[in-house]
Amino acid sequence: MAEEWHLVASTDDIEEEDVLGVNVEGTAVAVYNVKGEFYATENVCTHAFAFLSEGIVIDDIIECPVHQGRFHIPTGKPKGAPVSVALDTYATKVENGKIYVRLKGEGDP
Amino acid sequence: MEAAAANPETQKLTSPEANAKLLAAQREIISRGRLKPFTKRTDRHGLIYLGGHMSIIFGTGYLVYLATGTGWLIPAISLHGVVLGHLFAPMHECSHGTAFRTRWLNETVHWITGILVVWPPTYFRELGKDPQFVLPSPSSLMDYVYYVTATQLWIKNIGWILRHSMGRIRPFNRQFVPEDQLPKIFLEARVMLAIYAGLAVVSVALETWAVAIYWAIPTVIGVPVARALRVADHTGCTEGKLDLRTYARTVKTDPLTRFLCWNMPYHCEHHLAPSVPFHALPALHAEVGHEMNSVEKGYWAVQWDVLRDHLERKFRFRLVQSI
Ligand code: FES
C-alpha cells in the first residue's frame with residue numbers, strides 16, 4: 001500500500017497542551033500538541049467508550065474525560081487506572097504549518 | 001446507606017452509553033472550551049492546602065498533648081479528630097488525580113491520607129468510577145445513625161481490608177475493579193494491614209499510647225463530622241438519574257470548613273466535572289453555579305432538612321396506612 005499522509009489540521013488549530021479530535025477515513029483520531037510536538041493516537045479510550053479529544057492534556061499525558069484514566073501520548077501506553085490497554089498511535093509530520101497523520105498499516109511494506 | 005450497593009444497575013452505569021450520556025449532560029451545562037481553563041493542574045495549591053491541613057493537625061495534636069491529664073482531654077481529642085477525619089477530602093481529591101499536577105506527589109498523598117482515614121486508596125479510586133456514586137436518602141433513622149456515626153464505615157472498610165488481604169473480593173465489589181487492578185488491590189490491603197499491625201506491635205512493645213491518643217481514638221471520634229457533611233453533599237439529590245444539575249448539592253459554609261474539605265462544599269460543580277481540581281471549584285461555581293443545585297444554607301441546616309424530610313415521609317406513610 002502506498003504511504004498515505006492525511007492532512008488533519010493546521011498547527012495553529014491546536015494550542016499547546018491541547019488535543020483535537022479528527023476523522024481520518026472513518027477512524028477517530030486524536031491529535032495532540034505536546035510542547036510544540038504533534039502526536040496522534042486513536043481517539044476512543046480503551047476502558048469504556050469516551051473520546052479522548054474531550055479530555056485534558058497534562059504534559060505528555062492525556063486524561064480521559066470520563067474516569068480520568070491516563071495514557072502516555074507519544075507511546076499510547078496506559079499510565080493510570082482504570083485503563084490497562086494501550087492506545088494505537090499514528091505517525092505524524094508537520095509541513096508548512098500543516099499536520100499530517102498516517103494511519104496504521106499505511107505505507108507498510 | 002450503602003452508596004453504590006443501593007443500585008443493582010450499577011454495572012450498567014460505566015457502559016459506553018452511560019459514559020456518552022454523562023459527557024453529553026456535562027456539555028449541556030458547559031462546553032469543553034469554557035471548561036478547559038478550570039482544568040489546569042498545579043502543585044502549588046495542593047501543597048498550600050496540604051501544608052495548612054497538616055499544620056492544623058499538628059496544632060490540635062499539640063492541644064491534645066497540653067490537655068493530657070486534664071479535663072480538657074476529651075474536647076481536645078474530639079477537635080483533633082474532626083481535623084483528622086477531614087483528611088478524607090485530600091484522599092478523595094487525589095483519587096481523581098487532581099490534587100497535584102505531579103503524579104508521584106498525588107499518589108504519595110493519596111496513599112498516606114488513605115492509611116490515615118482507613119480507606120484503601122486504589123480500591124476507593126475504582127469505586128469512584130461509578131458515576132452514580134451517590135448516597136441514597138436514609139431509609140430509617142437507624143440507617144442515618146449507622147452511616148453518620150461511621151459504624152458502617154468501620155465495618156465496611158475494615159472488612160474490605162481483611163478480605164482483600166486474603167486475596168478475596170465480594171462479587172458485588174468485584175464489578176468495579178478491572179481484572180488487572182485486582183493484584184494491586186490485594187497488595188494494598190496487605191500493606192495497610194501490615195502498617196496497622198506494625199503500629200499496634202510497636203505501641204505494645206514500647207508501652208506507648210501515642211498512636212491511640214494522637215490518631216486512632218481521635219479519628220474514630222472525629223470522622224462522624226466529615227460523614228455528616230457528606231450526607232449534606234448528596235442525600236436526597238437525584239437518585240438513579242444522571243442529572244448533573246441536581247446530582248449533588250453545593251452548600252454554603254464558612255471558610256475554615258471549606259478549607260478542611262478542600263472545597264468539596266462545591267459538590268455539585270465537582271460532580272459536573274471531576275477533572276476540575278479542587279482549587280478551581282469556586283471559579284467554576286462563579287461560572288455555572290446559578291444553574292446548579294446550590295442551596296443558600298449551611299451544612300447543619302441541610303442536615304436538619306435531610307432528617308426532617310425523612311421523618312415527614314415516614315409520618316405521611318403512617319398516615320396513609322392508618323386511613
Ligand atoms: S472511559 Fe476512559 S477511563 Fe473510563
Side-chain angles (χ1 to χ4, degrees), chain A residues 9-10 12-23 27-35 41-87, chain B residues 11-27 31-33 35-43 93-98 100-103 106-107 110 121-131 133 176-185 188 273-277:
Chain A
S10 295
D12 295 345
D13 293 337
I14 316 172
E15 288 173 23
E16 221 172 279
E17 277 214 326
D18 207 355
V19 52
L20 179 75
V22 294
N23 190 306
T27 302
V29 174
V31 186
Y32 310 85
N33 179 342
V34 178
K35 297 194 178 104
T41 70
E42 63 179 302
N43 196 8
V44 177
C45 179
T46 56
H47 175 232
F49 186 89
F51 283 123
L52 294 170
S53 54
E54 297 275 328
I56 295 159
V57 179
I58 307 159
D59 297 328
D60 56 0
I61 296 291
I62 174 71
E63 186 183 273
C64 174
V66 174
H67 305 119
Q68 285 84 51
R70 292 174 158 222
F71 298 94
H72 183 230
I73 293 168
T75 59
K77 284 199 177 127
K79 282 284 178 187
V83 296
S84 54
V85 177
L87 294 169
Chain B
Q11 58 273 58
K12 290 186 195 147
L13 296 167
T14 49
S15 67
E17 298 74 30
N19 289 348
K21 269 192 202 147
L22 188 69
L23 264 186
Q26 188 195 69
R27 291 292 168 261
S31 67
R32 180 174 183 270
L35 185 66
K36 199 174 165 244
F38 301 105
T39 59
K40 285 271 170 268
R41 309 285 159 83
T42 69
D43 285 337
E93 189 68 23
C94 289
S95 79
H96 290 292
T98 43
F100 301 94
R101 183 183 173 100
T102 305
R103 191 63 175 174
N106 191 83
E107 296 309 287
H110 191 208
T122 311
Y123 184 58
F124 179 82
R125 180 173 271 153
E126 296 302 339
L127 282 182
K129 304 299 179 213
D130 170 16
F133 195 68
F176 300 103
V177 185
E179 191 66 37
D180 63 316
Q181 290 295 306
L182 272 180
K184 205 169 159 190
I185 276 163
E188 90 175 344
S275 56
V276 170

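All values derive from a computational prediction rather than experimental measurement. Residue numbers start from 1 in every chain, and the chains themselves are labelled A, B, ... in the order their sequence lines are given, proteins ahead of strands. Computed over heavy atoms, backbone and side chain alike; hydrogens, waters and symmetry mates excluded.
- For a heavy-atom cut-off of 4.5 Å, chain B lies close to Glu15(A), Glu17(A), Asp18(A), Val19(A) in residues 14-21 of chain A.
- Distance check, rounded to the nearest 0.5 Å: CD of Glu179(B) to OG of Ser84(A) gives 9.5 Å.
- Looking at Glu63(A) and Arg41(B), their side chains come closer than 4.5 Å, going by heavy atoms from C-beta outward.
- Between Arg70(A) and Arg103(B) there is a side-chain heavy-atom pair separated by less than 4.5 Å.
- Counting heavy atoms of neighbouring residues, nucleotides and ligands inside a 6.0 Å radius, atom NZ of Lys77(A) does not exceed 12 of them.
- By the salt bridge (charged side-chain N to carboxylate O under 4.0 Å, His left out) test, Asp180(B) pairs with no residue at all, sequence neighbours left out.
- Counting only residues at least two apart or in different chains, salt bridge (charged side-chain N to carboxylate O under 4.0 Å, His left out) contacts with residues 46-59 of chain A comprise Lys35(A)-Asp59(A), Glu54(A)-Arg27(B), Asp59(A)-Arg101(B).
- The 12-atom threshold is exceeded at NZ of Lys36(B), counting heavy atoms of other residues, nucleotides or ligands nearer than 6.0 Å.
- Scored by the ring-ring contact (aromatic ring centres under 6.0 Å, His included) test, Phe51(A) finds Phe49(A) as partners (sequence neighbours excluded).
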